[in-house]
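Before any comments, here is the structure.
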Amino acid sequence: AQKVTQAQTEISVVEKEDVTLDCVYETRDTTYYLFWYKQPPSGELVFLIRRNSFDEQNEISGRYSWNFQKSTSSFNFTITASQVVDSAVYFCALARNAGNMLTFGGGTRLMVKP
Amino acid sequence: DVKVTQSSRYLVKRTGEKVFLECVQDMDHENMFWYRQDPGLGLRLIYFSYDVKMKEKGDIPEGYSVSREKKERFSLILESASTNQTSMYLCASSLPGQVFTEAFFGQGTRLTVV
């Protein structure tokens, strides 16, 4: 069975702090994809990143970075120098098969205070 | 820009009513999905469709049905709404099959059943 766990339900930081959102997954598949989505107050999920199971290179995009470690089945997301606009609910997800069905974690609500 | 449009942002329905949630996408995607979002549970897959008139059950199909008569439109139907179906409903679409691309989401419909 597939499972994604985001142990942090809510995180509150002050602007300019760095923050890491944790994601741990379970799967028996050897080929799989991991995703992060952002859900701002408007409600629409915004795609942030896709990573396949064969690529463990860390990725950086501006203030965002992702650390994928197969050994610990983790795909953590770090925001550097957080801003108020980063306040949102963030979801980690695992693609289960070729049908692109996603298994989502419970989400982490990030609040960045000025 | 891919656009996934859900017909209503907010709906209030009475217990026992038949409810239709409509979703339209404009990118000719084969795959379409209906998810339900509840606090702490993340998004859970209700149904998905990988082609016109094709449908597959997701993790929580009970109490729901779907219809896909045209490629761009995927409807979620609550045959007899109940209070435990009060939730946020999100529609998504994606490219087909072996391509693990990201899913694009609509803004969500917040349904309240009273």
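Letters A, B, ... are given to chains in the order of the sequence lines, protein chains preceding strands, and every chain is numbered from 1.
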Which bit of [X] is near chain A, if near means a heavy-atom gap under 4.5 Å: side chain, backbone, both or neither?
| X | value |
| --- | --- |
| Asp38(B) | neither |
| Gln37(B) | side chain |
| Leu41(B) | backbone |
| Arg44(B) | neither |

Could you grab the distance from atom NZ of Lys3(B) to atom CD of Glu44(A), nearest 0.5 Å is fine?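 Rounded to the nearest 0.5 Å, the NZ-CD separation comes to 8.0 Å.
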Rounding to 0.5 Å, atoms CG (Leu102(A)) and CZ (Phe105(B)) come to a distance of 6.0 Å
Of the backbone (N, CA, C, O) and the side chain (C-beta and beyond), which part of Gln39(A) lies under 4.5 Å from a heavy atom of chain B, both, or neither? side chain
Any chain of hydrophobic side-chain contacts (each under 4.5 Å) joining [X] to [Y]?
| X | Y | value |
| --- | --- | --- |
| Tyr64(A) | Leu34(A) | yes |
| Leu43(B) | Phe35(A) | yes |
| Ile49(A) | Val19(A) | yes |
| Ile77(B) | Leu21(B) | no |
| Phe91(A) | Leu45(B) | yes |

Got a sec: does the NZ of Lys70(A) have more than 12 other heavy atoms crowding it under 6.0 Å? yes
Interface residues of residues 103-114 of chain A facing chain B - heavy atom cut-off under 4.5 Å: Phe104(A), Gly105(A), Gly106(A)
